[in-house]
There are 2 protein chains.
Amino acid sequence: MNETLQVIASRRSIRKYKPEQIVGEEMQRIMDAAIFAPSARNQQKWHFTVVQNKEIIDKMARIIQSNALNSGEGHAARFMSTPGFHVFFHAPTVVLISHITGGHFIEVDCGMAAQNILLAAEALGIGSCVIGFSRFLLISQEGIDLLRELGMPEGYSHLCAIALGYPDGTHPSMPPRNRDVINYIK
Amino acid sequence: MNETLQVIASRRSIRKYKPEQIVGEEMQRIMDAAIFAPSARNQQKWHFTVVQNKEIIDKMARIIQSNALNSGEGHAARFMSTPGFHVFFHAPTVVLISHITGGHFIEVDCGMAAQNILLAAEALGIGSCVIGFSRFLLISQEGIDLLRELGMPEGYSHLCAIALGYPDGTHPSMPPRNRDVINYIK
C-alpha cells in the first residue's frame, strides 16, 4: 500500500507518552511540515510555539484544569476532575497554535497545518493528540499572560494545542467512522 | 527521504488540470483519507459531496463568479473578472466540504480532513487546490438551493471546496514560507 495513505490511515490520537524528548532534527522536520500546508492567499497568518520545557507544560496544564473546573462546562469539568488528569498526557512536547485574530478562513488554514504536524509526526514514529481544551488558557489573565510570554504575537488568538512524543503502550484501534457523510454526484 | 514527508513538502496548489476523470478506486481512497482525520470528540460533524459532473461544476462556477462580481469584494472581483476565469480551473472533480452550523472547533476538523484529501491525492499523483471562493455559493438562493440538491444536509453550512484532477503542465515551485512564525521554548 502507498506509504502516505498508510500513515494517514494508521495515525491515532495518543494519550500515553514516553518521557524522552523528541530528537531536535525530527522536531524541525515536523514544524517544516506545518508551514508547508497551504493557506488562503498564502498569507500564513499562523503562529506556532513549540514548548519542550516540562515545568511550563505542567504550568499550562494546571491553569487549563483550574479554568475548566471553574467554567461550569460539564463535559470539560468531567474530564478534568479525573484524579491525576493531565490535559497534555505528560507529553514532552506541546505545540501551541495561534492565528491572527478574526482572520478569514484562518481556522481552516490552521487545521491543515495541524494535520501536517500529526502526519509528519506519525511518519517519524512520533505520537500526537490535538488538544482543544487548551482554549481554557484564554479565560484567565494568567493563561493569556503565559501565552504572550511563550511568544504568541500581539493581535493573535490561541486556537488549539498538539501534544507530541514517542508513544508508550499499544497502538489504539480506529474509532468508528461514518461513511454516510460522503455522497457522490456523477 | 521519508515518503510521507516528501509528499507533504511537494504538494502544491494546481491550477491546470487534464480533463480525464479520477479513477473511481482512487477517489474512494482519497475520501477514506478525509474521514480518517481526527475530529473533536470524534463527532465527525462534517459532510463531503464529491461532484464529478461537468455540467454541475460549470453551473457552480457560474453562480460563484456572478455572486462574487456582485458582492463588491474587490479581491474576489479582480480574480473573477479575468477573461475565461473558472473558479475550479475546469477540474473534473470538486469536493464540497460542509459542516454542522455553529459547531465548536468544526472548522479545524474540516481543515484537517481537507489536508488529508490534499495529501492522499498528491500521494496518488492527483493535483488539488483548496477553493475558498466557493463560499460565494452561499450568497444567493440559487447557490444555496444547489448545495442542498447536491446533498448538503439540513442544519449544515458550506465551508470550502477542493478541486481535484490529474495535473496538466509543470509542477509549480513552492511559494515562500515564513519561518519566523515558529519559536521554540526549551
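A note on names: the letters A, B, ... follow the listed sequences, proteins ahead of strands, and every chain is numbered from 1. Any value given below was found using the heavy atoms of this structure, including those in side chains, with hydrogens, waters and symmetry copies removed.
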Highest number of heavy-atom pairs under 4.5 Å with chain A among His104(B), Arg12(B), Gln6(B) belongs to His104(B)
Exactly one candidate in Val94(A), Leu96(A), Ile56(A) meets side chain to side chain contact (heavy atoms under 4.5 Å, CB included) with Ile185(B); the answer is Ile56(A)
Q.
With a 4.5 Å cut-off on side-chain heavy atoms, are Val181(A) and Lys45(B) touching?
A. no
TODO: Kindly indicate whether the side chain of Tyr184(B), heavy atoms from C-beta on, has any atom under 4.5 Å from the side chain of Met31(A).
DONE: yes
Turns out that what part of Leu159(A) lies under 4.5 Å from chain B's heavy atoms comes down to both
d(Met112(B) CE, Asn116(A) CG) to nearest 0.5 Å is 12.0 Å
Is it true that atom CD of Gln43(A) has more than 12 heavy atoms of other residues, nucleotides or ligands lying nearer than 6.0 Å? yes
In this structure, CG of Asn178(A) is separated from CG of Asn42(B) (nearest 0.5 Å) by 8.0 Å
Whatever's closer than 4.5 Å to a heavy atom in chain B on Asn2(A) counts as both
If one checks every heavy atom of Ala120(A) against chain B at 4.5 Å, the contacting part turns out to be both
So, the part of Leu150(A) with a heavy atom under 4.5 Å from chain B: the answer is both
Measure the shortest side-chain to side-chain distance between Lys186(B) and Asn53(A) over non-hydrogen atoms and say whether it is less than 4.5 angstrom.
no
dist Leu5(B):CG -> Phe36(A):CZ (nearest 0.5 Å) comes out at 9.5 Å
Between Thr4(A) and Ala123(B), the two heavy atoms sitting closest are CB-CB, 3.7 Å
Honestly, the part of Met174(A) sitting under 4.5 Å from a heavy atom of chain B is side chain
inquiry  = Can you confirm whether Glu3(A) is buried at CD, in the sense that more than 12 heavy atoms of other residues, nucleotides or ligands lie under 6.0 Å from that atom?
reply    = yes
dist His47(B):NE2 -> Asp180(A):CG (nearest 0.5 Å) comes out at 8.0 Å
Value for CD (Gln115(A)) from CG (Leu118(B)), rounded to nearest 0.5 Å, stands at 10.5 Å
Honestly, the part of Ile182(B) sitting under 4.5 Å from a heavy atom of chain A is both
Given Cys110(B), Gly132(B), Ala9(B), Ala40(B), the one with more heavy-atom pairs under 4.5 angstrom with chain A than any other is Ala9(B)
inquiry  = Main chain of Val50(A), side chain of Asn183(B): is a donor-acceptor contact present, judged purely on distance under 3.5 Å?
reply    = no
Let me check something: do Tyr156(B) and Phe105(A) share a hydrophobic cluster, defined by ILVMFWY side-chain heavy atoms less than 4.5 Å apart, either directly or through other members? no
Ile14(B)-Ile57(B) co-clustered via ILVMFWY side chain contacts under 4.5 Å: yes
Taking the side chain as every heavy atom from C-beta outward, state whether Arg179(B) and Ile35(A) have any atom pair closer than 4.5 Å. yes
Original post:
Any link between Ile139(B) and Ile131(B) through a network of hydrophobic side chains (Ile, Leu, Val, Met, Phe, Trp, Tyr) touching at under 4.5 Å?
Top reply: yes
TODO: May I have the step-by-step check of side chain to side chain contact (heavy atoms under 4.5 Å, CB included) for His75(A) and Arg41(B), ending in yes or no?
DONE: CA-CA 10 Å; His75(A) 167 70; Arg41(B) 300 171 67 182; 3.1 Å; yes
### Cluster overlap Leu124(A) with Phe48(A), hydrophobic side-chain contacts below 4.5 Å
yes
Determine, using the 4.5 Å side-chain heavy-atom cutoff (strictly less than), whether Tyr166(A) and Ile117(A) are members of one ILVMFWY cluster. yes
Give a yes or no on whether the backbone of Pro176(A) and the side-chain of Gln44(B) come within a donor-acceptor separation of less than 3.5 Å.
yes
Ranked by heavy-atom pairs below 4.5 Å to chain B, first place among Ser39(A), Gly151(A), Pro38(A), Ser13(A) goes to Pro38(A)
Shortest non-hydrogen pair, Ala37(A) vs Arg177(B), comes out as O-NH2, 3.2 Å
Counting heavy-atom pairs under 4.5 Å with chain B, the top scorer among Ile97(A), Asp32(A), Ile30(A), Val130(A) is Asp32(A)
